[in-house]
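Structure first, commentary second.
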Amino acid sequence: MTKVPSVIHWFRLDLRIHDNLALRNAINEAENRKHHLKPIYFLDPDIKDKIGINRLRFLIQSLQDLNSNLKKLNSRLYCIRGNAINYLPKLFEDWQVKFLTCQVDIDPIYVEQDEVIEKIAEEKDIFIVKRVQHTVYDYNNVLKKNNGSVPMTYQKFLSLVQDVPVKECIEITKPISDDCKSKDGDLKKYDVPTLEEFQIDESNLEPLKYPGGETEGVKRLHMYMGRREWVCKFEKPNSSPNSIEPSTTVLSPYISHGCLSAKLFYHKLKEAENGMPHSDPPVSLLGQLMWREFYYTAGAGTKNFDKMVGNPVCTQIPWGKNDEHLKAWAEGKTGYPFVDAIMRQLKQEGWIHHLARHMVACFLTRGDLWISWEEGAKVFEGYLLDYDWSLNAGNWTWLSASAFFYKFFRVYSPIAFGKKTDKEGLYIRKYVPELKKYPTAFIYEPWKAPKSIQTTAGCVVGVDYPKRIVDHDKIHKENCTKMSTAYKLNKERKAMKRPFPID
DNA sequence: CTACCGGTTGACCAA
DNA sequence: GTTGGTCAACCGGTA
């Protein structure tokens with residue numbers, strides 16, 4: 001008896017059914033050839049050491065939701081404990097795989113993995129279909145349109161995509177043929193794990209603010225897109241980094257995990273804007289989506305985009321090393337309440353407002369601590385639910401004035417910046433509760449409070465809350481000088497590399 | 001080639 | 001309260 005061959009769809013950063021062309025291709029192939037359909041996901045047992053617990057929880061919920069959505073389509077998710085390079089070749093044999101589909105992901109982890117897998121598949125005569133479907137536009141086409149080089153400004157990027165039509169979303173609603181089901185469909189070993197399997201006791205975790213999954217992501221999208229007035233008036237710089245409830249949509253974790261299609265977001269935004277006066281990029285909601293597209297294009301077209309050394313668009317800056325300061329920053333113990341509140345919200349909830357990211361990124365790098373943006377990017381990678389390789393690297397280079405942005409003397413003040421949208425310091429009181437009882441006059445600068453007030457408020461600086469690890473007023477000026485020097489050196493180096501003009 | 005424009009979102013001070 | 005200049009400024013893009 002010969003085994004029925006299989007078609008694999010390999011889920012990675014596309015944890016959804018809707019608008020998933022690669023999945024559609026796999027289903028069609030399986031049905032046409034009466035092969036078994038195997039939707040798979042590789043979950044590395046070591047993943048707990050690689051991503052934060054909040055993100056792991058979001059991922060597992062997304063996988064559980066994906067499995068239940070696949071079941072509605074008369075299929076299931078095969079969640080495989082292990083990494084792809086070790087397990088896929090075995091599955092190729094065991095399942096008699098003839099055809100594999102997946103989404104194109106540009107995070108180097110996936111790129112390297114794909115190279116190995118593609119080689120093995122070629123030897124075994126397995127046909128691979130990869131689809132660019134994580135973005136609205138195909139960044140390869142954008143790069144081509146720009147003569148193979150990366151558009152270095154947002155405006156240039158917009159001009160390149162202006163007339164590019166955006167494809168309609170793919171819908172998958174018809175249940176998959178029984179012919180495509182295999183007998184191992186009931187095996188428990190392929191079930192999506194619970195957090196317990198990772199020795200995580202969920203009752204110890206903070207309550208969940210943003211549950212993972214396609215169902216939740218799509219629901220959230222419809223909820224926000226229904227508020228047409230709000231969508232059309234949206235201007236990012238006018239939203240607040242320190243409101244108690246998010247002032248923006250928090251669709252980002254769903255988009256980064258692929259629970260929500262960026263293309264669906266695009267079409268729904270266009271629908272909401274249609275026939276109404278509305279704000280425009282860069283500040284509009286559509287503009288936010290286009291920033292993502294911009295960074296994806298830059299990430300796809302730039303070598304070592306997530307590093308300083310060897311990154312052709314990144315200014316080389318002699319960052320210092322200070323593990324104590326880095327740790328204080330990451331744990332929200334810098335002694336600057338606004339910075340600490342942001343970092344603690346990040347750690348607790350896995351999401352902070354974009355402008356809050358500006359504040360703490362500037363503080364870590366060019367503003368105060370003079371620590372490499374790569375270190376900050378690593379911390380964000382652990383904590384952010386919406387971690388995305390391209391966006392993380394792009395935004396960190398921006399904020400550290402290493403690429404795209406050059407006005408390094410525009411430094412965010414850890415005292416003044418937050419006051420603009422939260423005079424009373426309610427945000428600080430929530431996330432740095434030891435300062436809860438401080439008078440408003442000192443909530444951003446507790447070290448200035450007289451000892452008697454500190455005692456009355458039940459929080460003495462240096463005892464119950466850390467002293468400032470740096471003096472912002474002094475250090476940010478010194479750092480500006482360092483930035484200026486680094487820029488000059490960079491300019492000289494660039495000039496040296498340029499060939500002499502020919503007479 | 002040169003010259004100029006403009007860039008998602010700073011802080012501070014003076015008027 | 002608002003506006004405009006200043007501060008340590010670059011560089012892609014276009015005419």
Side-chain angles (χ1 to χ4, degrees), chain A residues 145-147 149-160 162 233-243 247-248 279-295 297-298 301-302 312-317 336 338-339 342 352-363 365-368 370 391 394-395 397-423 444-445 472-495 497-503:
Chain A
K145 210 171 168 187
N146 199 39
N147 303 317
S149 66
V150 173
M152 291 304 290
T153 66
Y154 181 75
Q155 297 302 334
K156 178 68 183 172
F157 171 82
L158 285 185
S159 76
L160 289 167
Q162 201 173 23
K233 283 190 174 152
F234 185 93
E235 289 186 11
K236 189 60 163 280
N238 294 339
S239 59
S240 164
N242 47 4
S243 50
S247 57
T248 51
S279 54
D280 283 304
V283 296
S284 65
L285 263 183
L286 187 66
Q288 306 314 298
L289 186 56
M290 292 301 111
W291 278 103
R292 180 173 185 271
E293 301 289 315
F294 170 67
Y295 284 130
T297 310
T302 309
V313 304
C314 186
T315 305
Q316 305 296 302
I317 297 165
Y336 283 94
F338 187 42
V339 173
I342 294 168
I352 48 175
H353 186 277
H354 186 64
L355 292 178
R357 301 181 197 204
H358 280 212
M359 176 68 244
V360 295
C362 181
F363 189 87
T365 58
R366 65 190 168 84
D368 297 78
W370 199 254
L391 276 64
N395 278 310
T397 53
W398 180 295
L399 258 300
S400 59
S402 303
F404 309 113
F405 171 84
Y406 308 95
K407 285 171 255 196
F408 59 75
F409 48 87
R410 288 194 174 179
V411 176
Y412 290 81
S413 158
I415 293 124
F417 188 62
K419 284 187 185 171
K420 281 194 279 193
T421 40
D422 179 21
K423 266 207 179 72
Y444 282 87
E445 306 169 271
H472 173 77
D473 285 339
K474 225 176 91 192
I475 203 120
H476 96 269
K477 283 179 187 152
E478 290 170 24
N479 288 345
C480 272
T481 312
K482 287 191 201 168
M483 284 300 287
S484 177
T485 312
Y487 268 36
K488 274 179 197 135
L489 263 170
N490 231 73
K491 215 171 170 179
E492 280 171 30
R493 265 188 228 138
K494 270 196 176 171
K497 276 180 196 160
R498 205 168 286 158
F500 289 102
I502 300 155
D503 286 342

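Lettering of chains follows the sequences in order, A, B, ..., and the numbering in each one begins at 1. The basis for the numbers below is simple: all heavy atoms, side chains too, and nothing from hydrogens, waters or symmetry mates.
A:Lys145 places a side-chain N or O within donor-acceptor distance of the main-chain N or O of A:Leu160, the cut-off being under 3.5 Å. Distance alone, capped at 3.5 Å, is enough to place a donor-acceptor pair between the A:Arg366 side chain and the A:Leu399 backbone. When atom types are taken as modelled, the side chain of A:Gln316 and the backbone of A:Cys314 share a donor-acceptor pair closer than 3.5 angstrom. The main-chain N or O of A:Leu391 is found under 3.5 Å from a side-chain atom of A:Asn395 such that the two form a donor-acceptor pair. Not one N or O on the side chain of A:Ser247 forms a donor-acceptor pair closer than 3.5 Å with the backbone of A:Ser243. Using a distance-only test at 3.5 Å, with no hydrogens or angles considered, a donor-acceptor pair links the side chain of A:Thr365 to the main chain of A:Ala361.
What you find for A:Cys480 and A:Phe408 is that their closest heavy atoms are O-CE1, 3.5 Å. Between A:Ala401 and A:Ile317, the shortest heavy-atom contact is O-CD1, 4.3 Å.
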With 3.5 Å as the limit, what N/O pairs link the protein to nucleotides 10-15 of chain B?
residue : atom : partner  : partner atom : Å
B:dG10  : N7   : A:Arg410 : NE           : 3.0
B:dA11  : OP1  : A:Ser413 : N            : 3.2
B:dA11  : OP1  : A:Phe417 : N            : 3.4
B:dA11  : OP2  : A:Lys420 : NZ           : 2.9

Could I get a table of every N or O pair under 3.5 Å where one atom is in the protein and the other is in nucleotides 5-7 of chain B?
none

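When the C1' atom is used for both C:dG1 and B:dC12, the distance is 16 Å, rounded to whole Å. Comparing C:dT14 with B:dT8, their P atoms sit 14 Å apart, to the nearest whole Å. C:dA9 and B:dT2 have their P atoms separated by 22 Å, with the value rounded to a whole Å. For the P atoms, the distance linking C:dG12 with C:dA8 amounts to 24 Å, nearest Å.
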Original post:
So what does the secondary structure string of DNA chain C come out as, 5' to 3', with Watson-Crick or wobble pairs under 3.5 angstrom, [ ] for crossing and | for pairs with another strand?
Top reply: .||||||..||||||
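Remark: the A:Ser240 side chain and the A:Asn242 side chain contain an N/O donor-acceptor pair separated by less than 3.5 Å. Side-chain polar atoms of A:His353 and A:Ser239 form a donor-acceptor pair below 3.5 angstrom.
Residue A:Lys156 is in sugar-phosphate contact alone, with no base atom involved, counting any heavy-atom pair closer than 4.0 Å across all strands shown. Note on A:Lys491: only backbone sugar-phosphate atoms sit closer than 4.0 angstrom, heavy atoms only; bases stay farther off.
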Under 3.5 Å, sequence neighbours excluded: what are the donor-acceptor pairs made by side chains of residues 284-291 of chain A?
residue  : atom : partner  : partner atom : Å
A:Ser284 : OG   : A:Asp280 : O            : 3.4
A:Ser284 : OG   : A:Gly287 : N            : 3.0
A:Gln288 : OE1  : A:Lys236 : NZ           : 3.0
A:Gln288 : NE2  : A:Pro282 : O            : 3.0
A:Gln288 : NE2  : A:Val283 : O            : 3.3
A:Gln288 : NE2  : A:Ser284 : O            : 3.0
A:Trp291 : NE1  : A:Pro282 : O            : 3.4

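In summary, the aromatic rings of A:Phe294 and A:Phe404 are positioned with their centroids under 6.0 Å apart.
Put simply, chain A comes within 4.0 Å of DNA chain C, heavy atom to any atom, from C:dC7 to C:dT14, going 5' to 3'.
Residue pairs that meet the side chain to side chain donor-acceptor pair (under 3.5 Å) test with at least one member in residues 403-420 of chain A, sequence neighbours left out, are A:His358-A:Tyr412.
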